[in-house]
Amino acid sequence: MNRIYLERHDPDQNMHRFYQMFVSPGLDGDWSLVREWGRVGSPGTVRKIGSTANRKHWKPQGKFRC
């Protein structure tokens with residue numbers, strides 16, 4: 001599974017954050033976008049959006065290439 005993982009460190013402000021996003025397949029051929037963020041070394045906050053949730057709000061923003 002591919003994911004996007006970023007970290008931000010600013011020792012002067014004692015800031016050590018991580019952010020990640022990935023697409024997770026479901027059991028019925030659907031998918032979910034999973035977003036997670038928080039302090040490095042801690043569990044973080046997770047939000048999951050399913051492919052059937054609020055489908056009317058999901059619109060392509062451009063052309064996708066593989």
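Note that this is a predicted model, so its numbers are computed, not measured. Throughout, residue positions are numbered sequentially from 1 according to the sequence presented.
For the atom pair CG (Asn14) and NE2 (His16), the distance works out to 5.0 Å, reported to the nearest 0.5 Å. We find the OH-OH distance between Tyr19 and Tyr5 to be 11.0 Å, quoted to the nearest 0.5 Å.
You'll find the side chain of Leu33 reaches within 4.5 Å of the side chain of Met21, heavy atoms only. With a 4.5 Å cut-off on side-chain heavy atoms, Thr45 and Glu36 do not count as touching. Contact annotation: the side chain of His9 never approaches that of Met15 to less than 4.5 Å [non-hydrogen atoms, C-beta and beyond]. Residues Arg35 and Ile49 meet the side-chain proximity criterion, which asks for heavy atoms closer than 4.5 Å. The shortest distance between side-chain heavy atoms of Val23 and Val34 does not fall below 4.5 Å. When side chains are defined from C-beta on, Trp37 does not count as touching Phe18, because their heavy atoms never get closer than 4.5 Å.
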**OP:** Decide side chain to side chain contact (heavy atoms under 4.5 Å, CB included) for Val40 and Glu7; before the verdict, give the C-alpha distance in whole Å, the side-chain angles of both, and the deciding distance to 0.1 Å.
**Re:** CA-CA 8 Å; Val40 173; Glu7 285 191 7; 4.1 Å; yes
